[in-house]
Amino acid sequence: MSFPLNPAQRDAVRTTDTPLLVLAGAGSGKTRVITAKIAHLCESGIDAARIVAITFTNKAAREMRERTQALQRDAAKPPGGGAVTIATFHALGLSIVRREAKAMGLKAGFSIFDPSDLESIVAELVATADRGRARAAQWQISQWKNALTSPAAALAQAKDDDQRAAAHAYARYADTLAAYQAVDFDDLIVRPLALFDADADAAARWSTKFAHVLVDEYQDTNPAQYALFRHLVGTQGLFTAVGDDDQAIYGWRGATIENLARLHDDYPRLRVVKLEQNYRSSVRILRSANALIANNPKLHAKKLWSELGTGDTIHVASCADDEAEGEMVVAAISAQRFEQRGKYGDFAVLYRGNHQARAVETALRAQNIPYVLSGGQSYFERAEIKDIVAYLRLVANDDDDPAFVRAVTTPKRGVGESTLAKLGEVAALKKQSLFAAVFEPGFNAIAQPRAREVLQQFCALINDLRYRAAKEPAGRLLAELVRAIGYDDYLVATFDKRDAQNRGKSVQDFVDWLSRKGEADEKSLLELTQMIALITLLEGREGEAADVVHLSTLHAAKGLEFPHVFLIGLEEGILPHREAVDAGNVEEERRLMYVGVTRAQRTLHLSFCRTRKRAGGRVDCRPSRFLDELAQEDLRYRGAPLPADEAARAKETGVERLRALKALVAR
DNA sequence: TAGAGATTAGTTTTT
DNA sequence: CTAATCTCTA
């Protein structure tokens with residue numbers, strides 16, 4: 001870990017007087033370069049408070065923070081002034097919105113709506129009961145926001161009725177959210193930009209705040225993020241953008257590779273440094289990765305090399321179906337762990353879509369092998385956590401109607417659809433929140449006495465908590481809240497014993513986590529509530545770095561590495577995904593495969609299924625075209641049984657192995 | 001209003 | 001074949 005930087009890395013670290021783009025291949029030590037550069041900037045006399053490093057995921061931000069701190073300890077030099085800001089784009093945006101809330105017309109306790117909160121709101125705006133249609137409109141609005149397209153422009157470029165309906169909804173969207181005193185995820189980037197356009201003072205505040213801006217995973221920025229980046233860079237124009245065009249996998253979220261080309265135009269003094277030495281994978285793995293990605297047209301040609309030795313051949317397995325594939329993977333993990341005296345934590349199983357984890361999970365559970373699922377449903381998306389968070393949101397912001405509805409109906413307390421409908425009528429009439437409508441004479445007149453009483457009690461509880469939130473510790477209030485609403489009783493009554501216990505445990509973990517967080521960072525309940533909306537990881541558990549098999553989507557695996565990687569479901573329609581093929585996005589799918597292959601340090605297992613269960617029946621599958629694009633001489637067939645005659649042939653060269661495989665599949 | 005049972009859709013990645 | 005939504009009854 002402490003071996004010296006290579007010449008290219010050193011170059012990247014020491015270039016501080018001109019804008020810099022670092023093209024960092026997979027495993028080329030980019031996080032190391034960023035952290036070393038932060039340390040270097042501090043040493044060269046820049047106040048740490050004037051340095052910002054931006055990442056895309058909370059996990060990456062956390063890792064960078066840890067490594068920066070470690071480096072500063074080693075340097076035995078107290079960091080001057082404040083601390084370096086290390087945050088995701090969205091967390092950074094949140095701190096801007098928070099600081100400028102008043103200027104944006106938001107109260108301090110504004111809510112952050114997640115997509116599920118917005119779904120019904122958008123459904124109403126486009127006047128549809130069809131969920132698919134509502135979500136399409138929601139997605140479209142998000143695309144427009146990330147592309148910095150105004151509602152008027154959106155309407156002008158709308159191609160069909162659905163898009164026109166979405167554009168009309170988009171025009172009213174901002175006002176609707178304002179009524180709830182809420183912002184969505186995209187707003188965390190877009191609203192600061194709007195403020196900077198309208199308010200020169202605020203614009204200047206943020207364009208001069210940082211002397212150096214570092215961005216990780218630059219290839220994944222979308223136009224809105226790029227605009228924010230440019231603004232933070234300001235007129236001084238000093239930054240370090242680190243990225244890899246071969247790992248751009250968020251095009252569907254509006255990220256555009258053109259941002260790489262744009263950097264040259266917007267900053268003519270831009271220097272480019274390439275990092276091509278890979279410190280992660282064996283030669284065979286890299287050879288296949290290079291061969292694969294060579295099929296994509298390239299802006300900056302790049303060829304990774306490694307000094308880590310030839311390594312094992314890459315295994316390719318054909319499986320009868322997804323169930324067999326799961327069992328094959330688990331059997332291979334058991335055997336390999338035994339042979340190499342490895343740990344479960346050395347293994348990762350990667351796949352295109354979350355649903356593919358299921359078969360592997362089943363097989364792992366059958367063998368009692370511990371595992372973690374990353375990139376699937378996150379901790380904060382679990383129903384029990386969202387229940388509790390709904391109360392917190394309501395305490396922070398009583399205009400938050402979605403939070404009100406969720407909180408008031410969980411646990412069940414005798415307020416149902418008809419009461420909520422009446423409340424909604426009054427609220428709409430008076431242009432008030434649901435919370436405020438509870439105390440309206442008009443509502444009193446039409447509500448059932450019992451429901452009315454329950455509602456008033458509920459609001460009293462929320463008001464009490466709000467009153468105390470300013471002075472009492474967040475953890476204690478939360479614990480009291482959970483008790484006051486009888487949440488444990490609700491769990492026991494609603495779920496079977498085991499499930500109730502699990503959910504109760506995760507609520508308890510949440511209370512503990514928030515208590516610690518509140519004490520450590522001196523955060524108020526309000527700040528913690530807003531932060532929760534952005535956090536996607538179970539932070540508490542991660543510190544343990546448990547010895548468990550990792551299951552992850554390819555997207556969520558970016559930036560990670562494992563000694564042994566299993567890449568499953570390599571079939572046409574899955575990787576590349578059918579929708580992507582139809583939309584002509586095979587190149588992005590290829591980069592996704594490339595990301596998967598380059599996660600592996602020592603061994604790589606590829607597999608595909610010949611058939612797959614779907615909607616009750618069975619569907620035939622064909623191996624992915626990407627298998628053909630790997631370095632065939634490094635592949636070896638293994639796994640599911642081949643007929644004897646083909647097994648003999650399969651022992652020969654990789655090309656023939658693959659042909660034998662395909663012949664088998666063709667039947 | 002709330003929970004049990006019937007019905008019907010279901011195809012990708014996430015801050 | 002699931003899982004989530006919808007409908008019906010106590």
Side-chain angles (χ1 to χ4, degrees), chain A residues 54-61 87-94 112-116 129-132 135 139 142 145-146 183-190 217 220-222 224-225 228 248-255 322-323 350-359 374-378 380-381 383 408-421 448 450-451 454 490 493-495 531-537 552-558 569 571-583 585 588-589 591-593 595-596 612-619 621:
Chain A
I54 309 174
T55 64
F56 275 81
T57 63
N58 292 298
K59 196 194 275 173
T88 63
F89 263 109
H90 289 85
L92 188 67
L94 172 60
I112 301 169
F113 281 178
D114 68 23
S116 68
D130 180 335
R131 206 174 3 257
R135 283 166 79 167
W139 183 83
S142 173
K145 292 176 86 161
N146 282 316
V183 299
D184 65 17
F185 282 151
D186 304 325
D187 282 334
L188 297 175
I189 314 293
V190 171
E217 309 283 11
D220 288 331
T221 50
N222 61 38
Q225 287 162 334
L228 183 60
I249 54 175
Y250 285 99
W252 54 274
R253 215 168 65 185
D322 43 351
E323 219 169 88
L350 309 180
Y351 37 80
R352 175 71 231 256
N354 282 306
H355 66 275
Q356 292 175 261
R358 184 174 296 257
S374 57
Q377 191 195 30
S378 84
F380 289 99
E381 274 157 33
V408 86
T409 56
T410 350
K412 304 286 181 224
R413 44 166 66 81
V415 174
E417 217 172 316
S418 70
T419 304
L420 282 176
Q448 285 184 346
R450 175 152 158 64
V454 168
Y490 155 76
T494 318
F495 304 100
M531 196 176 70
I532 288 161
L534 293 184
I535 294 182
T536 56
L537 283 167
S552 171
T553 62
L554 288 163
H555 285 88
K558 195 164 69 156
E571 295 137 45
E572 285 295 305
I574 293 186
L575 188 69
H577 195 271
R578 209 188 119 210
E579 304 259 324
V581 175
D582 291 349
N585 288 335
E588 181 154 316
E589 298 293 298
R591 290 192 290 267
L592 208 42
M593 172 92 177
V595 165
R612 209 167 255 282
K613 277 185 288 208
R614 200 175 322 161
R618 265 176 193 286
V619 197
C621 308

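Residue numbering restarts at 1 for every chain, and letters A, B, ... go by the order of the sequence lines. Side chains are part of it too, since the values below use all heavy atoms of this structure and drop only hydrogens, waters and symmetry mates.
- In this structure, A:Lys145 and A:Phe185 have side chains that are not in contact, with every pair of non-hydrogen atoms separated by 4.5 Å or more.
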Report, one pair per line, the protein and nucleotides 5-10 of chain C atoms (nitrogen or oxygen only) whose separation is under 3.5 Å.
none

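- Distances from the side chain of A:Arg358 to the nucleotides C:dA3, B:dT14, B:dT12 place C:dA3 closest.
- Here A:His90 does not reach the OP1 or OP2 of B:dT15: none of its side-chain N or O atoms lies under 4.0 Å away.
- Taking atom CD of A:Glu572 as the reference point, atom C1' of B:dT12 lies 15 Å away to the nearest angstrom.
- Remark: A:Arg358 does not engage A:Asp322 in a salt bridge, criterion side-chain N to carboxylate O under 4.0 Å.
- Between the CD atom of A:Glu571 and the P atom of B:dT11 there is a distance of 17 Å, rounded to whole Å.
- Taking the six-membered ring wherever Trp is involved, the centroid distance between the rings of A:His90 and A:Phe56 does not fall below 6.0 Å.
- One interatomic measurement links the two molecules: CG of A:Asp322 to P of B:dT11, which rounds to 15 Å at whole-angstrom precision.
- You'll find the side chain of A:Leu554 stays beyond 4.5 Å of the side chain of A:Met593, heavy atoms only.
- A:Leu420 is listed as a side-chain neighbour of A:Val408, based on a closest heavy-atom distance under 4.5 Å.
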### Task
Take A:Arg612 and A:Glu571, measure what salt bridge (Lys or Arg N to Asp or Glu O under 4.0 Å) needs, and give me the verdict at the end.
CA-CA 10 Å; A:Arg612 209 167 255 282; A:Glu571 295 137 45; 2.7 Å; yes
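- The A:Thr57 side chain lies nearest to B:dT15 when the options are B:dT15, B:dT13, B:dT11.
- Counting to the nearest Å, the C1' atom of B:dG10 and the CZ atom of A:Arg135 are 12 Å from each other.
- Considering only residues two or more places apart in sequence or on other chains, A:Tyr351 meets the ring-ring contact (aromatic ring centres under 6.0 Å, His included) condition with none of them.
- Of the C1' atoms belonging to C:dC6 and B:dT11, the separation is 23 Å, rounded to the nearest Å.
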A correct 5'-to-3' footprint of nucleotides 1-7 of chain B, with B, S and - meaning base, sugar-phosphate only and no protein heavy atom under 4.0 Å, is SSS----
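- When the nucleotides B:dT12, B:dT14, B:dT15 are ranked by their closest atom to the side chain of A:Phe185, B:dT15 comes out on top.
- Not one side-chain nitrogen or oxygen of A:Asn354 sits closer than 4.0 Å to the OP1 or OP2 atom of B:dT12.
- For the pair A:Trp252 and B:dT13, the ring geometry qualifies as stacking, because the centroid separation is below 5.5 Å while the planes lie within an angle under 30°.
- Ring-to-base geometry places A:His577 in a stacked arrangement with B:dT12 (centre distance under 5.5 Å, plane angle under 30°).
- For A:Lys558 and A:Asp220, the salt-bridge test passes: some basic side-chain N is under 4.0 Å from an acidic carboxylate O.
- Of the inter-residue distances, the one linking A:Thr55 atom OG1 with A:Phe89 atom CZ reads 9.0 Å to the nearest 0.5 angstrom.
- Between the CG atom of A:Leu575 and the P atom of B:dT11 there is a distance of 18 Å, given to the nearest Å.
- When rounded to the nearest whole Å, the span between OH of A:Tyr351 and P of B:dT12 equals 15 Å.
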Intermediate values then yes/no, side chain to side chain contact (heavy atoms under 4.5 Å, CB included), A:Asp184 and A:Ile112 | CA-CA 6 Å; A:Asp184 65 17; A:Ile112 301 169; over 6 Å; no
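- Distances shorter than 4.0 Å separate none of the side-chain N or O atoms of A:Asn146 from OP1 or OP2 on B:dT15.
- Separating the CD atom of A:Gln225 from the C1' atom of B:dT14 is a distance of 11 Å, rounded to the nearest angstrom.
- Rounded to whole Å, the distance from CZ on A:Arg578 to C1' on B:dG10 is 13 Å.
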